[in-house]
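One structure below.
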Amino acid sequence: MKISNLFYLVPLFSSFAFFGAAHAQTAPSFDCAKAKSFSERLVCVTPELAKKDALLNEFYKTASISAFGTGVSNIKSSQIDWIKGQKTCEKAKEAKDCINRAYDSRIYDLAIYTLFVNPEKSFPIIDKELPAAAPFYHAVYEYVTMPQTPSRDKRIANYFRPAYSKMASTNDYVKSVADDAGVKSPEDGLKSDKNFGVLYALSAYGLEQPISMPCAAMLKKPGISNATEAYFGSSIDGFLPSSDCSVVLPQLPKFVAIEAFAYKKAPDCGGTIIHGIVHSNIRENSLIRMGQLDEILGGENQGYNDDDFSKQNPKAFNDALDELVAYYAKYLPAKKYSRTDIRNALNIHLNKVAEGC
């Protein structure tokens, strides 16, 4: 695996020249003359894997630009993690199949990350790899990018209908939460952005596979970010959508460091409530990254601002604050949040993380 001197991490290794006398119709993304590991050599002599490596590289380059449309995303970190996991396939009994599955999984993830930039390339991958979840991505893409029309709304409602019906028939509690939120049918979920977020989140309970709410969608329509809320404070929240903002937006290493410090202070929670707590914390992390601080600064959270978390680790806190202020100035200048606003949101978030249960 090689990392370029710029910000592109070329999947599995780096540029192409085929290995030995073997020739594939599609070249992989690296120089097969320099292939050393089992995985490298396997890709070079397997046309199907060479094609997947080239496709993965193409998606990766697109995903390297942040969802803001400018700056470098945090994709490199997740790619390094994927490479480490992929290398474990070399020890597997069915190594080729394992590597094939690893490529399919990563290409699927990258297709979702780049959906709002390259839908014509992303949707065929999403439709093929996870057909049950694919309607959710079609629904959010069309809801965010297409003007409201009766035909659009009918199509989106139908995207959700199978999962919504399964949710409604298998868990009365989840259905009652949807009803209380005014989403008694897929059609109700199209009455407002807030309703759409509820429909997206609670219908996901009817799926048998994980799903995310694309950060790019929430940047375009902030009102649907409630799709990533923790609605139950229990293990059910583990079945609901999360966000990919920590991957597709620019990295914030100092913010990540002070948040990790706060997590270490949190007590060990018993029971299933931990699922809801973690889900809520991840959502707030995404809200901070997207510049959607109003919810964090709202009245119900003000009690978490009474204690000054910066006193627990002054340097790390102030480093994270400086990083966020610079991040907002560079990527979110229209938000007009003051340094005090950003500090208060950071303080509230860290106190909630450290409180745990």
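From a predicted model like this one, the values you see are computed outputs, not experimental measurements.
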Show, in sequence, the C-alpha distance, side-chain angles and deciding distance for D294 and Y337, and conclude whether the side chain to side chain donor-acceptor pair (under 3.5 Å) test is met.
CA-CA 10 Å; D294 292 349; Y337 288 117; 2.9 Å; yes
Pair N158, R161 - check side chain to side chain donor-acceptor pair (under 3.5 Å), show working.
CA-CA 5 Å; N158 286 333; R161 201 172 310 281; 3.1 Å; yes
Go through it in stages, so that I can follow the logic: the residues are L346 and F255, the test is side-chain contact (heavy atoms from CB on, under 4.5 Å), and I'd like the CA-CA distance, side-chain angles, deciding distance and then a yes or no.
CA-CA 9 Å; L346 177 62; F255 171 50; 3.8 Å; yes
Could you check D307 against N351 for side chain to side chain donor-acceptor pair (under 3.5 Å), going step by step and ending with a plain yes or no?
CA-CA 8 Å; D307 295 327; N351 277 323; 5.5 Å; no
For a side-chain contact (heavy atoms from CB on, under 4.5 Å) check, start with the C-alpha distance between F239 and L207, then their side-chain angles and the critical distance, and finish with the verdict.
CA-CA 8 Å; F239 294 94; L207 295 176; over 6 Å; no
Could you go step by step and tell me if Q79 and R106 meet the side chain to side chain donor-acceptor pair (under 3.5 Å) rule?
CA-CA 9 Å; Q79 188 74 355; R106 184 58 176 165; 2.7 Å; yes
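Of all heavy-atom pairs spanning K166 and G206, the tightest one is CD-O, 3.1 Å. I258 and A316 get closest at one heavy-atom pair: CD1-CB, 3.7 Å. Taking each heavy atom of D188 and G182 in turn, the nearest pair found is CB-O, 3.3 Å. Closest of all the heavy-atom pairs between F261 and Q312 is CZ-O, 3.7 Å. Summarising the geometry of D244 relative to C215, their closest heavy-atom pair is OD1-N, 2.8 Å, with the distance given to 0.1 Å. Scanning both residues, A230 and S280, for their nearest heavy atoms gives CB-N, 4.1 Å.
The cluster map of Ile, Leu, Val, Met, Phe, Trp and Tyr, joined by side-chain heavy atoms under 4.5 Å apart, puts V256 and L350 in different clusters. There is no path of hydrophobic side-chain contacts, each under 4.5 Å, that joins M146 to V140. The same ILVMFWY cluster, assembled from side-chain heavy atoms under 4.5 Å apart, contains both L287 and F196. Hydrophobic clustering (ILVMFWY, side-chain heavy atoms < 4.5 Å, transitive): V117 and V72 are in distinct clusters. Connection of Y331 to M218 is established within a shared hydrophobic cluster, with ILVMFWY side chains joined at heavy-atom distances below 4.5 Å, either directly or through further cluster members.
Side-chain contact annotation: S122 with T114, donor-acceptor N/O pair under 3.5 Å present.
In this structure, K52 pairs ionically with E48, as a charged nitrogen and a carboxylate oxygen lie closer than 4.0 Å. A salt bridge links R283 with E295: at least one charged nitrogen is closer than 4.0 Å to a carboxylate oxygen.
Using modelled atom types, one side-chain atom of S73 and one backbone atom of I75 make a donor-acceptor pair closer than 3.5 Å. D237 places a side-chain N or O within 3.5 Å of a backbone atom of F232 that can act as its donor or acceptor partner. Remark: side-chain polar atoms of S176 are paired, donor with acceptor, to backbone N or O of Y173 under 3.5 angstrom. Counting only distance, with no hydrogens or angles, the side chain of T46 and the backbone of L42 share a donor-acceptor pair below 3.5 Å. Between the side chain of S105 and the backbone N or O of A102 there is no donor-acceptor pair closer than 3.5 Å. At distances below 3.5 Å, not a single donor-acceptor pair connects side-chain atoms of E229 with backbone N or O atoms of N226. A donor-acceptor pair is defined here as one N or O able to donate and one able to accept, closer than 3.5 Å; such a pair exists between the side chain of T228 and the backbone of S225. Counting only distance, with no hydrogens or angles, the side chain of D308 and the backbone of S310 share a donor-acceptor pair below 3.5 Å. Side chain of N195 to backbone of S192: no donor-acceptor contact under 3.5 angstrom is found.
Here the CG atom belonging to L110 is positioned 13.5 Å from the NZ atom belonging to K121, to the nearest 0.5 angstrom. Atom-to-atom distance recorded for D341:CG and I296:CD1 is 11.5 Å, nearest 0.5 angstrom. Distance CE/M167 to OG/S203: 5.0 Å, rounded to 0.5 Å. Taking CG from N305 and CG from L297, the interatomic distance works out to 8.0 Å, rounded to the nearest 0.5 Å. Rounded to the nearest 0.5 Å, atoms NZ (K87) and OG (S37) are 4.5 Å apart. The line from CZ of F317 to CZ of R343 is 4.5 Å long, rounded to the nearest 0.5 Å.
The side-chain heavy atoms of Y327 and R289, taken from C-beta on, include a pair separated by under 4.5 Å. Contact check for I282 versus V278: side-chain heavy atoms found under the 4.5 Å cut-off. For the pair F116 and V144, the minimum side-chain heavy-atom distance is below 4.5 Å. At least one side-chain heavy atom of S235 sits less than 4.5 Å from a side-chain heavy atom of H275. Residues F160 and P135 have side chains not in contact (no heavy-atom distance under 4.5 Å, counting atoms from C-beta outward). At a threshold of 4.5 Å between non-hydrogen side-chain atoms, the residues N74 and L249 do not count as touching. Two residues are said to be in side-chain contact when any heavy atoms from C-beta on lie closer than 4.5 Å; T70 and I65 fail this criterion. Q148 is listed as a side-chain neighbour of R152, based on a closest heavy-atom distance under 4.5 Å.
Within 6.0 Å of the NZ atom in K175, the count of heavy atoms belonging to other residues, nucleotides or ligands exceeds 12. No more than 12 heavy atoms of other residues, nucleotides or ligands shown are found within 6.0 angstrom of NZ on K51. Taking a 6.0 Å sphere around CG of D81, one finds it holds more than 12 heavy atoms contributed by other residues, nucleotides or ligands. The 12-atom threshold is exceeded at CG of D180, counting heavy atoms of other residues, nucleotides or ligands nearer than 6.0 Å.
The side-chain hydrogen bond (donor to acceptor under 3.5 Å, both in side chains) contacts involving residues 124-136 comprise D127-H138, where partners must be two or more places apart or lie in separate chains. Listed by first and then second residue, the side-chain hydrogen bond (donor to acceptor under 3.5 Å, both in side chains) pairs that reach into residues 250-260 are E259-N285, E259-H349, sequence neighbours excluded.
Aromatic ring centroids of Y60 and W82 lie 6.0 Å or more apart. Aromatic ring centres of Y137 and F123 lie farther apart than the 6.0 Å criterion allows. No close placement of the Y159 and F136 rings is indicated, their centers lying 6.0 Å or farther apart.
In this structure, Y263 shares a hydrophobic cluster with V353, the cluster being traced through Ile, Leu, Val, Met, Phe, Trp and Tyr side chains under 4.5 angstrom apart.
Geometrically, K352 engages Y304 in a cation-pi contact, judged by NZ or CZ lying under 6.0 Å from the ring centre and within 45° of the ring axis.
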